[in-house]
Amino acid sequence: VARNLGLVLALQQRYREALPWMDRAVSSRAGPDSNEIALEGIRAQRAWVVFVVGRRAEALDAASRAVSALEGMKDPSDGHVLAYSRIVLARILSETGRPDAAEAAARAAMAWFERWGRGHPQFANTECEVGRALMLQGRTAEGRATLASCLPTYRAWGHSDPHSVQSLDRLLTEAAPTHRRGQKPR
């Protein structure tokens, strides 16, 4: 319940209010009888909230540790938690200047979510992170084309992170070609 409240507050862009709930979720799940897969998934979700409130290095460390822990598990559930945690890691890596590593994490997540179908919002979520990473690596045309195919689906999803959507929109606006009168677009 604490995790769900934290996520609802985050979806409302009330990240500072969400963080104590995410902290509570982690502390209530940590223990000798805890479900380690669920705990690491909550830690990854918490990492994104930590990132948005400005604690970037802590967020990157937390997301990296969660993904690493999940990758080390023999059977991380059905793989959904690991795939979602890789999305969070990819987003943070891109936003902290490591789009090459972000692309690898996002593509690994995208490969898993492909089983749900290319039209699924979670697939669009991962595809958007691939597009972001491509654009930040200077592969602008490829990144724009990727974002054009996934961003409408991700944006319309009730679980899309508003901060992420806004940063993708900014990225597209900043990369938009500017034309002088009389010049053809490149």
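We count residues from 1, following the sequence as given.
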Q.
Going by the rule ring-ring contact (aromatic ring centres under 6.0 Å, His included), which residues pair with F113 if we only count those two or more places apart in sequence or in a different chain?
A. H80, W116
Q) Side chains of Q122 and N125: do they bring a donor and an acceptor to under 3.5 Å? A) yes
(Q) If we count only N and O atoms by modelled type, under 3.5 Å, do the side chains of Y154 and D161 hold a donor and an acceptor together? (A) no
Q: Decide yes or no on side chain to side chain contact (heavy atoms under 4.5 Å, CB included) for R43 and L39, but give the supporting numbers first.
A: CA-CA 6 Å; R43 285 181 172 147; L39 177 59; 3.7 Å; yes
Drop me the distance from [X]'s [atom1] to [Y]'s [atom2], to the nearest 0.5 angstrom.
X: S164; Y: E129; atom1: OG; atom2: CD; result: 5.0 Å
X: L7; Y: I42; atom1: CG; atom2: CD1; result: 8.5 Å
X: R65; Y: L89; atom1: CZ; atom2: CG; result: 12.0 Å
X: T173; Y: L168; atom1: OG1; atom2: CG; result: 10.5 Å
X: I87; Y: R91; atom1: CD1; atom2: CZ; result: 7.0 Å
X: T140; Y: L134; atom1: OG1; atom2: CG; result: 9.5 Å

Q: Look at E95 together with R132 and state whether they make a salt bridge at an N to O cut-off of under 4.0 Å.
A: yes
Q | Salt-bridge contact E40-R46 (side-chain N to carboxylate O under 4.0 Å) | A | no
Q. Can you tell if the side chain of R86 reaches within under 4.5 Å of the side chain of W112, non-hydrogen atoms only?
A. no
Q | Heavy-atom check, side chain of Q45 versus side chain of Y84, under 4.5 Å | A | yes
Q) Does NZ or CZ of R3 lie under 6.0 Å from the centre of the six-membered ring of W21, at an angle within 45° of the ring axis? A) no
Q | Evaluation steps, side chain to side chain contact (heavy atoms under 4.5 Å, CB included), between R144 and L147 | A | CA-CA 5 Å; R144 287 182 70 76; L147 288 173; 5.8 Å; no
Q | Residues clustering with L11 (ILVMFWY side chains joined when closer than 4.5 Å, directly or via others) | A | none
(Q) Which residues pass the side-chain contact (heavy atoms from CB on, under 4.5 Å) test with Q137, not counting sequence neighbours? (A) P99, D100, E103, A133, R139
Q.
Tell me if the CZ atom of R55 is crowded by more than 12 foreign heavy atoms within 6.0 Å.
A. yes
**Q.** Expected output: side-chain S68 to main-chain S64 donor-acceptor under 3.5 Å
**A.** no
